[in-house]
Every structure is written in structure tokens, then in C-alpha cells.
Amino acid sequence: MEVTKKEPVVDSVDEKDVQVGVITDLDEGEVFLRQHGFTNEDVQGLLDDEARNKAVVRKVDLILLPLLAGTYMLQYIDKSALAYSAVFDLLKSTHMSSNEYSWLASIFYIAYLVAEYPWNVLAQKTNLAKVVSCNIVAWGAMLMITASCSSFTGMAICRFLLGVFEAPITPCFMMIIGMWYTRSQQPFRAGVFYSCNGVGAMVGGVLTFGIGQIKTIAVWRAIYLILGGITICWGIVMLFFLPGDVLSAKRFNLEDKALLIGRGRLGRTGIINHQIKWNQIREALVDPQVWILFFFTLFNEVVNGGIANFSKLIIKGLTHDSLTTVALGIPFGAFQVVWVLSGTYFASRFANYRTIVMFAYLIPTIIGIALMWKLDHATHKVGVLFSYYIVGAYVCSLVLALQMPATNLGGYTKRSTGVAFVFLAYCAGNIIGPHAFLAKEAPIYQTGCKVLLACSSAQAALTVCLRWLLARRNKQRDAAAAAANESGAPLEVDESADLTDFEVSSQLSDLVFDKLLIDSQNPNFRYVL
């Protein structure tokens, strides 16, 4: 369908006004529509064109998903370089103890914790794609520098800086998915790039197995040099091809951009707003939904921190051979791909199934941890290995939880703050997790298994609480809307406003209708369960 374009409405929305922040309530997608003469009827016409919608989504998939997936695969491999190196000669070459190795795993996430929110703010105020791409090049360079280290101190400094440069990747990717896709499409798309953790586990295992044949230099140094060089090249590719946002994307025409903005309206979450709104930050920090997701992610990453850094040492306890250990870790990646893609598909395919999938995919993790703890590692090696493979189901629950703030929070600043706050828990959990695995308990690590089991069980309880909270809010809004209809009060709110899920637009603020709302809730916003 072709839209008859009107002359840009430059008088009503001046570009300078946007830059200096005179216009504070409009989402920048709406500013774009007004500047280029698109009316609500034009946008609705584009939304009604099913063929055009499918074509645009397919185009977005082809442009974005390979870039996000490739980056995530490399990020997983690069983060895991420490674990791969430990299987070979890292600890001996750098004279590190097992306790110092645990701290290297934690230092990465301490840096992540410190750097993540500043990067998030910079990405919102400048160009998200450039922030991501430059950091990829920087962390690749840091990997190569790590190969020159010969002590715990040098490794710790490099590991800290690696965490700083990797910090913006996942939060920015979640914001990208929230910007380009509708709420029903977001879980599976997030699952596509996050499943590349599993692809990374397989590719990294094969790559490390090959690097392990090198005899000329220390294997662990070769791992860092080769992975760093690959990452730098990929960062340059991202710099040229990753679009910064819908409005500035060069490979989409004006009608495509108008359609993408209209699709963003459907969930009432907006496209982008470069202005930091402090009231939305405050609202994010007192929202119970954000706190439930915070603790869910914290417990999840305690599990992840332990599994990611000590699983290969557990396997090595079964084989005592470095190359065999690397090879046996490859199927874990394949299982992870299946877990993430299947779970996110179900969450996208069936309405309001996200929290149900989050709960269901914790069950294999709980079973796997219990088996790793209780099975005899000498006589039931296959059982221990299979239990390790099924433990990775928790990653699917994490993907859905990480996408929740971008999906279920209105207002661009509130969404970015919610995403950043949940990722603080992501960092904290990965800092805590490795320290539950005591060297004296190798290779079973009984204390670690107990901690992981408790965390997974707590996650299941939090999932039930989250579903109850969101369902209750939806019922309250349905009741308020029904009461408003009976009273004859208007229900429409300005879709172009950059409102949170609790803000009421100025056009309703003076009406009696607003008294019918529960806690000033946005009457047209509904949460995805």
C-alpha cells in the first residue's frame, strides 16, 4: 500500500525544539511522523497492510538478527575464554590459586556492574549502535592484551576492563528488540540472539579443541590472541551495518519507518526518547514488578556464575583430560539452543504464557542440579554428564525475564532504567555464584549445588508472584475501564506521548475519569503475562 505523503509539518514541531528539550511529552517517533506529514490515518493504513508488515518484519530480521546473533556468539566465547584457558595451562603459567581464579570470574561482573548504567545512559543520549560497536572493538583489543599477562594482577586488570567494554551489549540489545518489534514478536527474537550463547558454547568448544593442538606457544595465550582478533574484525562490521534506531536507519524508506513507529504504538511503549526523565527513573525504582525481576535475575545469575565458571572443571573431574573435557562440553551448547528457541517460541506463539514458560523451564535445571549433587561421579559418569546438559534450561527463563522490562514498562526512560536495574542483578549474581564452589569440594562442589538448588527454587516462587502481580494490575485496569465506560468518560489517551505504564496524559488529568483509575494507572496499558 502506498501512502500519499503530505508536506512536512515543520511549523508544529521544530527540530531545534526537539534538540533542546522543549517538547518533553512526545515520543521521538511521533515527532518524526509529524515532521514528515504522516497522519494517524496514514499510519493506520500502513498497519492494515498485512503484506507490507510481513515484508518490513522480514527486512528487519535480515538486517538485525545476524548482527545481534553474531555478536552474542562472540561475547559468550570471549567471556568463556577464561574457563577454556583454565582447562589448559592458565593457572600454572600465571601462578594462580583456585581462589584467585574465582575472583577473576567475579571481577568481570564487578566491572559490568559499575559500567553498565553509564553506558546505558550514553546509549540513550547519543547513538546506541556506535556505543555497542566501539565497545566490541575495545573488548577484542583487551582480549589480545590479556595474552601478555603473567600474573594474577595483570589478569585481573584485563578482566576488569573486559567487563567494562562488554557491559552495554545485552541491555542495549534488549532495547533494540523492544524498539524494532511488537511485544508479541519480542520474546522469540530475543531468544534467537540469546540462543547463540549455546552456539557459542559449541563453536567455542570446537575452536578451542583446534587451538589446543598448537605447540609453539602456550595454548591459553593462543586462545586469547585468536579470539581477540576475530572480535575486532566483527566490531568493525557492526560499526558499519548496525542501525542506530528506527528513525535514522538508512536502509528503510519513510513509509517503512512510519510503519515501524506505528507498530511501536501498539504496545504503548514508544520508540525512542533521548531526554532523561527523572520522574520515570523514580517510578522504575519503586515498581514491584522491577524488584521481582531484579531478584529473579539475581538468583538466576548465581546459578549461571557457578555453572559457567566451574562446569568444565566438574567435567574434567570425570575425564582428567583437557581436550576430552572441551569436547564433552560441546553438547551443552546444543541443549541450550534447544531450550532457548523452544521456550521463546512458545512464549511468542501463545498469549500470556511467558511466566508459565519461565516457571516450566526452571524444572529441568532443578532436576539437573540435584542429580549432579547426588549421583556418584565415579560410577554414574553418563548420568552426571546428562544432568549437566539439562541444567542449562534456566537460560530460557532468563531471556524472558530480561525482556520483561522492555516489554512491560511504558516510557523510554523507565524502560531503559528498568533494563539497567535488572542487569545490576545480572552482574551481582555472577559475582556471587563462583564463590559458592569451594576448591576443597572438587569435583562435586556440594555447597555450590545446594546454593544453586535454593536459587532455582526461589526463582520458581518469584515467577508465581510476578504472574499474580501483573494479572492483578490488568484486572484493575479492566475494571476501571468498564466503570469509565458506564460513566461516559473518554478512554482514549494520546498514543504519541512518552508515558509510563502508570502515567496519565495531560488530556485526562483534569477529568473525573482519572479518579476511577487505580494509583493513576495508564488506562490503556496492559501487561504481558
Side-chain angles (χ1 to χ4, degrees), residues 68-69 72-73 75-76 79-80 109 112 116 166 169-175 177-178 186-201 289-309 311 332-333 335-348 353-366 368-369 390-408 418-433 452-453 455-463 466-467 528:
L68 303 188
Y72 230 74
M73 180 185 73
Q75 186 187 40
Y76 183 87
K79 280 194 298 187
S80 301
Y109 287 101
Y112 205 122
E116 185 245 334
E166 289 198 28
I169 304 303
T170 304
C172 286
F173 279 14
M174 290 301 178
M175 295 301 293
I177 293 295
Q186 289 170 15
F188 185 68
R189 266 64 179 195
V192 167
F193 78 73
Y194 213 99
S195 68
C196 286
N197 273 347
V199 177
Q289 176 191 187
V290 175
W291 280 99
I292 290 174
L293 291 170
F294 176 90
F295 285 108
F296 182 96
T297 305
L298 176 68
F299 294 141
N300 191 95
E301 293 312 290
V302 171
V303 176
N304 185 71
I307 294 296
N309 292 287
S311 58
F332 179 82
F335 271 80
Q336 197 171 98
V337 171
V338 173
W339 292 128
V340 174
L341 289 182
S342 63
T344 54
Y345 171 78
F346 291 138
S348 291
Y353 261 60
R354 298 187 194 191
T355 49
I356 293 175
V357 172
M358 287 167 64
F359 183 92
Y361 276 64
L362 288 169
I363 295 173
T365 297
I366 292 172
I369 294 171
I390 67 173
V391 160
Y394 72 88
V395 177
C396 176
S397 302
L398 172 68
V399 174
L400 295 175
L402 293 181
Q403 189 58 41
M404 279 284 193
T407 300
N408 268 347
V419 168
F421 190 62
V422 167
F423 270 91
L424 294 180
Y426 178 93
C427 303
N430 277 289
I431 293 169
I432 297 167
L452 269 52
L453 197 58
C455 288
S456 298
S457 301
Q459 282 183 272
L462 286 171
T463 304
L466 179 62
R467 186 173 183 86
V528 177

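By convention here, the first residue in the shown sequence is residue 1. All of these numbers come straight from a predicted model, not from anything done at the bench.
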Next item on the list: Please examine the side chains of Met174 and Phe193, heavy atoms only from C-beta on, and report whether any two atoms are closer than 4.5 Å.
Entry: yes
Check: Looking just at side-chain N and O atoms, do Thr170 and Tyr72 make a donor-acceptor pair shorter than 3.5 Å?
Finding: yes
Margin query: Testing the basics here: between Thr463 and Leu362, what is the closest heavy-atom pair and its distance to 0.1 Å?
Written below: OG1-CD1, 4.2 Å
Check: Which atom names give the shortest non-hydrogen contact between Pro405 and Val422, and what distance separates them?
Finding: CG-CG2, 3.8 Å
Note to self: Would you compute the distance between atom CZ of Phe188 and atom CZ of Phe346 and round it to the nearest 0.5 angstrom?
What the structure shows: 11.0 Å
Check: So which heavy atom on Leu341 is nearest to which on Ser195, and how close?
Finding: CD2-OG, 3.7 Å
Check: What closest approach, in Å, do Leu462 and Phe296 show between heavy atoms, and which atom pair accounts for it?
Finding: CD1-N, 3.5 Å
Checklist line | Min side-chain heavy-atom separation Leu68-Arg189 under 4.5 Å | finding: no
Note to self: To the closest 0.5 Å, what do you measure between CG (Leu466) and CG (Leu400)?
What the structure shows: 11.0 Å
Next item on the list: Report yes or no: does Glu301 contribute a side-chain atom to a donor-acceptor pair with the main-chain N or O of Gly429 at less than 3.5 Å?
Entry: no
Next item on the list: Answer yes if the side chains of Asn304 and Tyr394 hold a donor-acceptor pair under 3.5 Å, and no otherwise.
Entry: yes
Margin query: Under a 3.5 Å distance rule, please check whether Asn197 uses its side chain to pair with a backbone N or O of Tyr76 as donor and acceptor.
Written below: no
Notebook entry, point to check: Are Trp291 and Phe421 an aromatic pair by the rule of ring centers under 6.0 Å?
Noted result: yes
Margin query: Once rounded to the nearest 0.5 Å, what's the spacing between atom OG of Ser456 and atom CD1 of Ile369?
Written below: 4.0 Å
Margin query: Using the side-chain contact (heavy atoms from CB on, under 4.5 Å) definition, which of the options Thr365, Val391, Ile366, Ile307 pairs with Leu452?
Written below: Ile307
Margin query: Using side-chain contact (heavy atoms from CB on, under 4.5 Å), reason through Arg354 and Thr407 one step at a time and then give a plain yes or no.
Written below: CA-CA 11 Å; Arg354 298 187 194 191; Thr407 300; 3.3 Å; yes
Note to self: Test of understanding: with side chain to side chain donor-acceptor pair (under 3.5 Å), list the residues that count as partners of Tyr426, not counting sequence neighbours.
What the structure shows: Lys79
Item checked: Residue pair Val399 / Thr344: nearest heavy atoms and the distance that separates them -> CG1-CG2, 4.0 Å
Checklist line | Separation of Phe173 CZ from Ile169 CD1 (nearest 0.5 Å) | finding: 5.5 Å
Item checked: Least distance between heavy atoms, Ser342 atom then Tyr361 atom -> OG-OH, 2.8 Å
Item checked: Side-chain heavy-atom pair Leu402, Phe423 within 4.5 angstrom cut-off -> yes
Checklist line | Spacing of CG belonging to Leu398 relative to CE belonging to Met358, to within rounding of 0.5 Å | finding: 9.0 Å
Notebook entry, point to check: Nearest 0.5 Å, what's the CZ-OH distance between Phe359 and Tyr353?
Noted result: 14.5 Å
